[in-house]
2 protein chains.
Amino acid sequence: MASLGELERAVMDLLWAGHEAATANTLRDMLAQSTAAHGGAAGHEGKDLAVTTVLTVLSRLEKKGLVERERGMRPHRYQAVSSREDHTAELMHEVLGSAPDREAVLARFIGSVTESEAETLRKLLGHS
Amino acid sequence: MASLGELERAVMDLLWAGHEAATANTLRDMLAQSTAAHGGAAGHEGKDLAVTTVLTVLSRLEKKGLVERERGMRPHRYQAVSSREDHTAELMHEVLGSAPDREAVLARFIGSVTESEAETLRKLLGHS
DNA sequence: TTGAAGTTCTACGTTACGTAGAAACAGCGC
DNA sequence: GCGCTGTTTCTACGTAACGTAGAACTTCAA
């Protein structure tokens, strides 16, 4: 239950953008954003979708535990449960987790990170 | 096109076992193995599948580039294109690749590896 | 040449996802 | 109070992936 469809990802992108700004988005907001970014960055082409389409997707994302919805106020507020970075890192752990030989996988993995990333990792891992 | 179904994964597990032994498996081999490991380790429960089912799955895996088939000899030989470790590491890169801020993801990622794994990583990254 | 083993073709059921209409609901201005 | 407009829910259809496998064609060996 980890993979996202194309539209699901596009919606998460919008929510993640808001996450950084600690914003709780309304549906209206999101539609505006996606229309503004039409054909631009925020994926999924500039074709505007039906309102219900986005809501359906939001519901599915909520069921998957990726989105939280505040039902108190009337235009509900939607927000990503975790940041994009956290989510991605979690995904990586998920992938890694299913491996019998985790360390061997890690060896391959760092075998192909960029030098700058390797540098970051060294710092993060601290001196030994 | 990265995710595998349950049966697809089970089949890959068989092939990966052979990969370590540099074995090129025939269909017969695989059925024997999966039956032997029935209800045991090699997943997917002990129910034995139709021959064609496994072949279909193998074809799909081939199409996905995960399996290579030698068509020369008559009982064809099937083998995993890359080891489980390589494949998993590749998957991790795939997940990471889609992130705008790769380094931030890495930071979160290593935030939750075991100490022994961190140690491994330090060794692999070498001294800076 | 005939039969068993192997392979290909085709197909059906289920589930995920993109998509959206129809209907129920909730405030707002009159 | 009442209807209009924006919001949410319910339901549903089309496509694609995957589990599953029958039917038919191909090989090789006896």
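The figures that follow rest on heavy atoms only: side chains count, while hydrogens, waters and symmetry mates do not. In what follows, every chain begins at residue 1, and chains take the letters A, B, ... in the order their sequences are listed.
With no hydrogens or angles considered, a side-chain donor-acceptor pair links A:Arg69 and A:Ser59 at under 3.5 Å.
Nucleic acid contact for B:Arg69: sugar-phosphate only, since backbone atoms but no base atoms lie under 4.0 Å from a heavy atom of the residue. Residue-level contact check: B:Lys63 touches neither bases nor backbone, having no heavy atom under 4.0 Å from any strand.
Atom C1' of nucleotide C:dT14 and atom CG of B:Leu7 are separated by 15 Å, given to the nearest angstrom. The nearest whole Å value for the distance from the CZ atom in B:Arg60 to the C1' atom in C:dT10 is 11 Å. Across the protein-nucleic acid pair, B:Leu27 atom CG and D:dA21 atom P stand 14 Å apart, rounded to whole Å. One can place CG of A:Leu31 at 14 Å from C1' of C:dA20, the figure rounded to the nearest angstrom. Rounded to whole Å, atom P of C:dG21 lies 14 Å from atom CG of A:Leu55. Look at CE on A:Met73: it is 17 Å from C1' on C:dC25, rounded to the nearest Å. Between the OH atom of A:Tyr78 and the C1' atom of D:dT7 there is a distance of 8 Å, rounded to whole Å. The CG-C1' distance, from A:Leu61 to C:dG18, rounds to 12 Å in whole Å.
Two residues are said to be in side-chain contact when any heavy atoms from C-beta on lie closer than 4.5 Å; A:Arg77 and A:Asn25 fail this criterion.
Of the candidates D:dC28, D:dT8, D:dA23, D:dA23 carries the atom nearest the B:Thr52 side chain, counting heavy atoms from C-beta on. The side chain of B:Ser3 lies closest to D:dC18 when the candidates are C:dG6, D:dC18, C:dG27. Among the nucleotides C:dT19, D:dT20, C:dA20, the one closest to any side-chain atom of A:Ala50 is C:dA20. Out of D:dA21, C:dT19, D:dT8, the shortest distance to the side chain of A:Leu49 is found at C:dT19. Of the candidates C:dG18, D:dC28, C:dT8, the closest approach to any side-chain atom of A:Glu6 belongs to C:dG18.
One can find a donor-acceptor pair under 3.5 Å joining the base of C:dA20 and the side-chain atoms of A:Thr56.
Residues of residues 89-97 of chain A having a heavy atom closer than 4.0 Å to DNA chain D: none are found.
The existence of a salt bridge linking A:Glu119 and A:Arg122 is confirmed by a sub-4.0 Å separation between a basic side-chain nitrogen and an acidic carboxylate oxygen. In summary, B:Glu117 and A:Arg102 engage in a salt bridge, as defined by a charged side-chain N under 4.0 Å from a carboxylate O.
When the side chains of ILVMFWY residues are joined at heavy-atom separations under 4.5 Å, either directly or via intervening members, A:Met30 and A:Val81 end up in two distinct hydrophobic clusters. Linking Ile, Leu, Val, Met, Phe, Trp and Tyr whenever their side-chain heavy atoms come within less than 4.5 Å puts A:Met92 and A:Leu124 in one cluster.
Distances shorter than 4.0 Å separate none of the side-chain N or O atoms of A:Lys64 from OP1 or OP2 on C:dA16. In terms of phosphate contacts, B:Arg71 brings a side-chain nitrogen or oxygen within less than 4.0 Å of OP1 or OP2 of C:dT8. A sub-4.0 Å separation between OP1 or OP2 of C:dT7 and a side-chain N or O of B:His76 is present. Here A:Thr53 reaches the OP1 or OP2 of C:dA20: one of its side-chain N or O atoms lies under 4.0 Å away. In this structure, A:Arg74 does not reach the D:dT5 phosphate: none of its side-chain N or O atoms is under 4.0 Å from OP1 or OP2.
To the nearest 0.5 Å, the span separating NZ on B:Lys64 from CD on B:Glu8 amounts to 3.5 Å. The distance from atom CD of A:Glu94 to atom NE2 of A:His87, rounded to the nearest 0.5 Å, is 7.5 Å.
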